[in-house]
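A short write-up of the structure that comes next.
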Amino acid sequence: AGIGVDLDRDALPYLADYPYGCTEQTMSRLVPVVVAQAAKATFGVPPTGRLAELPKMLDAGLARLRALQHADGGFGWWEADASDAYMTAYVVHGLTRAAAVMDDPAPAQAILTKATPWLLARLKAGGNAAEPAEQLVRMALADAKALPPGTLTDDVADVAVGLVSG
């Protein structure tokens, strides 16, 4: 019951009332909603109060992401800027989590279906494996089960370990 009280009383009102804006703000709101949805299910917290609004909050976040997604499938910070590896990977990473807790993951999957090829093209174009954005691209593709075989060579894994430990 403690987690339900904390989610309902403290965190959810802030999340529900946080204004939509750029992709990063939308994801910064959506990811905690996904975590709350998973916690609600894991701990068997009844959907009362603001907890009952979680599906509506997920739907609102997905609607905003559909509006922010570029024609090439990627995401920038806004609707009309250039697609960005970090923003696109952040969305793919978050939506793989969202799809796992949604009753109907089709809306999240539709966005992922367009965003994942953008990340794959970015990966194939090459980049510095030491760059955090490149590591996030690999992580997001792995989350989406779309990371090509052989992508995580020993040198890339060494860089990833270095980023985590150092």
Side-chain angles (χ1 to χ4, degrees), residues 3-4 6-8 11-79 81 83-124 132-152 160 164:
I3 192 157
D6 291 340
L7 286 174
D8 196 30
L12 285 182
Y14 173 77
L15 292 173
D17 300 330
Y18 193 83
Y20 286 120
C22 69
T23 301
E24 187 173 31
Q25 291 168 334
T26 301
M27 289 305 298
S28 292
R29 178 180 181 192
L30 187 65
V31 169
V33 169
V34 169
V35 171
Q37 179 77 5
K40 181 184 77 158
T42 299
F43 296 109
V45 178
T48 60
R50 294 310 274 270
L51 288 174
E53 297 177 28
L54 289 175
K56 185 171 72 171
M57 292 166 146
L58 279 169
D59 290 344
L62 292 173
R64 180 66 182 142
L65 288 172
R66 280 192 296 276
L68 288 163
Q69 192 166 31
H70 298 165
D72 65 5
F75 288 85
W77 273 258
W78 301 100
E79 294 94 332
D81 60 355
S83 291
D84 177 80
Y86 174 79
M87 282 292 102
T88 305
Y90 186 22
V91 170
V92 168
H93 173 69
L95 289 185
T96 58
R97 291 345 188 227
V101 300
M102 296 175 71
D103 291 334
D104 177 13
Q109 290 295 340
I111 297 168
L112 287 168
T113 297
K114 294 178 182 178
T116 303
W118 191 93
L119 288 178
L120 284 167
R122 166 70 185 226
L123 183 67
K124 288 176 184 170
E134 294 300 320
Q135 292 301 311
L136 188 58
V137 165
R138 286 172 173 79
M139 181 190 71
L141 287 169
D143 290 341
K145 306 208 181 332
L147 189 66
T151 303
L152 293 179
V164 172

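The basis for the numbers below is simple: all heavy atoms, side chains too, and nothing from hydrogens, waters or symmetry mates.
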For [X] against [Y], the heavy-atom pair lying closest together:
| X | Y | answer |
| --- | --- | --- |
| Leu62 | Ile111 | O-CD1, 3.8 Å |
| Ala108 | Ala99 | CB-CB, 4.1 Å |
| Tyr90 | Val31 | CE1-CG2, 4.4 Å |
| Arg64 | Gly21 | NH2-O, 2.7 Å |
| Thr88 | Ala115 | CG2-O, 4.0 Å |
| Asp72 | Trp118 | OD2-NE1, 3.2 Å |

With a 4.5 Å cut-off on side-chain heavy atoms, are [Y] and [X] touching?
| X | Y | result |
| --- | --- | --- |
| Val34 | Met102 | no |
| Val101 | Leu54 | no |
| Leu120 | Leu141 | yes |
| Met87 | Cys22 | no |
| Pro55 | Asp103 | no |
| Lys114 | His70 | no |

To the closest 0.5 Å, what do you measure between [atom1] ([X]) and [atom2] ([Y])?
| X | Y | atom1 | atom2 | result |
| --- | --- | --- | --- | --- |
| Arg29 | Leu58 | CZ | CG | 10.0 Å |
| Leu147 | Thr116 | CG | OG1 | 11.5 Å |
| His93 | Met27 | NE2 | CE | 8.0 Å |
| Arg138 | Leu119 | CZ | CG | 11.5 Å |
| Thr48 | Glu53 | OG1 | CD | 11.0 Å |
| Leu95 | Leu30 | CG | CG | 6.5 Å |

Point to revise | Option among Thr23, Thr26, Asp81 that satisfies the side chain to side chain contact (heavy atoms under 4.5 Å, CB included) test with Phe75 | key: Thr23
Check your understanding: Can you list the steps and then say if Val92 with Asp143 is a side-chain contact (heavy atoms from CB on, under 4.5 Å)?
Key -> CA-CA 8 Å; Val92 168; Asp143 290 341; 5.5 Å; no
